[in-house]
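The structure under discussion appears below in the form of structure tokens.
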Protein chains: 2
Amino acid sequence: MSDKLIQSVERAADILELFSLTESELSVKEISERLGLSKSTVHGLIKTLEHRGYLEQRLSDQKYKLGLRLFQLGNLVGGGMELRKVAYPIIQELVEKLHETVHMVVSDKDEVVYVEKLEGLGSLRMYSMVGKRAPMYCTGVGKAMLAFFEESAIERILQEVKFQKFTPYTLDTPDEIKQELRKIREQGYAIDDEEIEIGLKCVAAPIFNHEGTVVASISCAGPKHRFSDEKTAIVIQEVRSAGLEVSRKLGYRV
Amino acid sequence: MSDKLIQSVERAADILELFSLTESELSVKEISERLGLSKSTVHGLIKTLEHRGYLEQRLSDQKYKLGLRLFQLGNLVGGGMELRKVAYPIIQELVEKLHETVHMVVSDKDEVVYVEKLEGLGSLRMYSMVGKRAPMYCTGVGKAMLAFFEESAIERILQEVKFQKFTPYTLDTPDEIKQELRKIREQGYAIDDEEIEIGLKCVAAPIFNHEGTVVASISCAGPKHRFSDEKTAIVIQEVRSAGLEVSRKLGYRV
DNA sequence: CTTTTCGTTCGATAATGTCGAACGCCATTC
DNA sequence: GAATGGCGTTCGACATTATCGAACGAAAAG
């Protein structure tokens, strides 16, 4: 059937997506329990993924982890991104100027995915990591993209997303967020002031392609106590400038 | 059956592995022809992979490319590698000292996979790229690992590998290669002198773990004309030293 | 305007993937 | 040391799925 997906491929994807940074090794039993599948089913799927290099088994305790084939394919994705090639020197400059961590993200459904991260000196440990996802409605980088989506896409995303209050400052109602997005469109940048994480402040700007479509955003983030009003003004200017520079290199014309 | 793999999962993997840096977009028809599968079969597999984020379809011409989910999982693999965390500052030092490109690889069956690459100033464009695979028998990094494998593993790999002469200097018979591996074990480093690519020279050293098992290798590579006898001696010393430093940080004791 | 090509859908059916039972090995407990 | 328990692995029956050829529709090509 045309609307039907292939069950075994979905199950294989389920298995791969069980792994995370905090849970990098899993046994057959654990996978079977988490997915509600019988051990022999899981065993067949795992042996196939292992055979193709997507999983690796440690012989000492027979636990599985993600394999090098994913590393290879993941790097193909990253290495093929024109955006990253174009943006990287601009990101390096920004880090040198501002001495904070710079991120770049792209959107994927109702989330953003970090595609670049360069840490400045004195960086603190942060939630973000290249490859990781984050919500769109309450991160600087996410809001900087969302604000410039088409109205219909914004409506759909705000309907589908499951709002979660990460801190007391997290905006989590569609009306609040829409108001915020209007403001971002007016001023040309977004700010995450302790919405995703207490103590963390982030300034972000959208990146457009040659068609004027927002395809990414760039940000500068750091501990809130380092962001005086004066420094924040400088960061806003530099981040907006960087966003425009990357956009221009992608063919964007104001 | 226990030795049976799951066909649909293998076919999905086949599709993902059709993509490369030079061929980053494919149509349903192309995939169908390359794999010898009917278009409706390919369509079902592709729609499943797309739905899960492993493939993305460009709407303008309906071609497919690898999706962000692979980027995410690939970064999970890379981000979880203790080896990379431990080695990175040492690699940076090496680049600063030698002003050439430094690589690090791990092994995967009868090949090596580049897990780190840091380019020095004045680097030339090279075959290598993080995530990419290379043969073990005729690269510096590959030989630096192979030489320190167990005898049975060396035998097996030299039997299974399909030898290919990349340049007139490529060693491509088991006897020649074994002789070379003996020499590498004696001197503690490997050299690729235009075996994989004309004009390219590379010096590599093994990296051992706490059990004394070779788990990676590190190398310095550059255009052959920059490698005078004097400079080569310096590079050998620095690369061996770096290999040992990474090994020690992994718990290796001579 | 006609023809060709390709992506997509549909449904029959051959083939597969699923899973419960059983086994073997190893660790744990007594 | 023996018994028990847990988990990974194997096997085979069978219910269900994945496969693919035919057909369709849209867009491109001639």
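Naming convention: chains lettered A, B, ... in sequence-line order (proteins, then strands); numbering from 1 in each chain. Values below: all heavy atoms of this structure, side chains included; hydrogens, waters and symmetry mates excluded.
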Original post:
Roughly how many Å is it from NZ in B:K47 to C1' in D:dC20, rounded to a whole number?
Top reply: 18 Å

**OP:** Working to the nearest 0.5 Å, report the span between OH of B:Y114 and OG of B:S219.
**Re:** 6.5 Å

**OP:** Could you say whether A:S8 or A:E33 is positioned toward the 5' end of DNA chain D, judged by the nucleotide with the nearest heavy atom to each?
**Re:** A:E33

Original post:
Are A:K143 and A:D192 close enough for a salt bridge, meaning some N to O gap below 4.0 Å?
Top reply: no

Original post:
How many angstroms lie between CG in A:L146 and OH in A:Y137, if you round to the nearest 0.5 Å?
Top reply: 11.5 Å

Original post:
Nearest-Å distance, CD1 (B:I46) to C1' (D:dA18)?
Top reply: 15 Å

**OP:** Would you tell me whether B:R69 and B:Q72 have side-chain atoms, one donor and one acceptor, within less than 3.5 Å of each other?
**Re:** yes

Original post:
Tell me, which of residues 56-66 of chain A have any heavy atom that sits under 4.0 Å from an atom in DNA chain D?
Top reply: A:Q57, A:Q62, A:Y64

Subject >> Length of the CD-C1' vector between A:E50 and D:dT9, whole Å >> reply: 13 Å

Subject >> A:L45 CG - D:dG8 P separation (whole Å) >> reply: 15 Å

**OP:** Would you indicate what B:T41 reaches in the nucleic acid, counting non-hydrogen atoms under 4.0 angstrom: base, sugar-phosphate, or nothing?
**Re:** base

Original post:
For A:E23 and A:S20, does a side-chain donor sit closer than 3.5 Å to a side-chain acceptor?
Top reply: no

Original post:
Looking at A:Q7, does any N or O in its side chain come under 4.0 Å of the phosphate oxygens OP1/OP2 on C:dG17?
Top reply: no

Original post:
Are A:K39 and D:dG8 close enough that a side-chain N or O sits under 4.0 Å from OP1 or OP2?
Top reply: no

Original post:
Over how many whole Å does the gap from B:E10 atom CD to D:dT19 atom P extend?
Top reply: 12 Å

**OP:** Tell me yes or no: between the side chains of B:K63 and B:S27, is some donor less than 3.5 Å from an acceptor?
**Re:** no

Subject >> Nucleotide C:dT9, atom P - distance to NE2 of B:H43 in whole Å >> reply: 6 Å

**OP:** Using atom NZ of A:K4 as one end and atom C1' of D:dT19 as the other, report the distance to the nearest whole Å.
**Re:** 14 Å

Original post:
Which comes earlier along DNA chain D counting from the 5' end, the contact point of A:I6 or that of A:S27, where each point is its nearest nucleotide?
Top reply: A:S27

Original post:
Reckon B:S40 touches a base, only the sugar-phosphate, or nothing at all at heavy-atom distances under 4.0 Å?
Top reply: base

Original post:
Rounded to the nearest 0.5 Å, how far does CD of B:E82 lie from CG of B:L250?
Top reply: 7.5 Å

**OP:** Answer yes or no: does a side-chain N or O of A:R11 lie under 4.0 Å from OP1 or OP2 of C:dG17?
**Re:** no

Original post:
In whole angstrom, what separates B:I31's CD1 from C:dG7's C1'?
Top reply: 12 Å

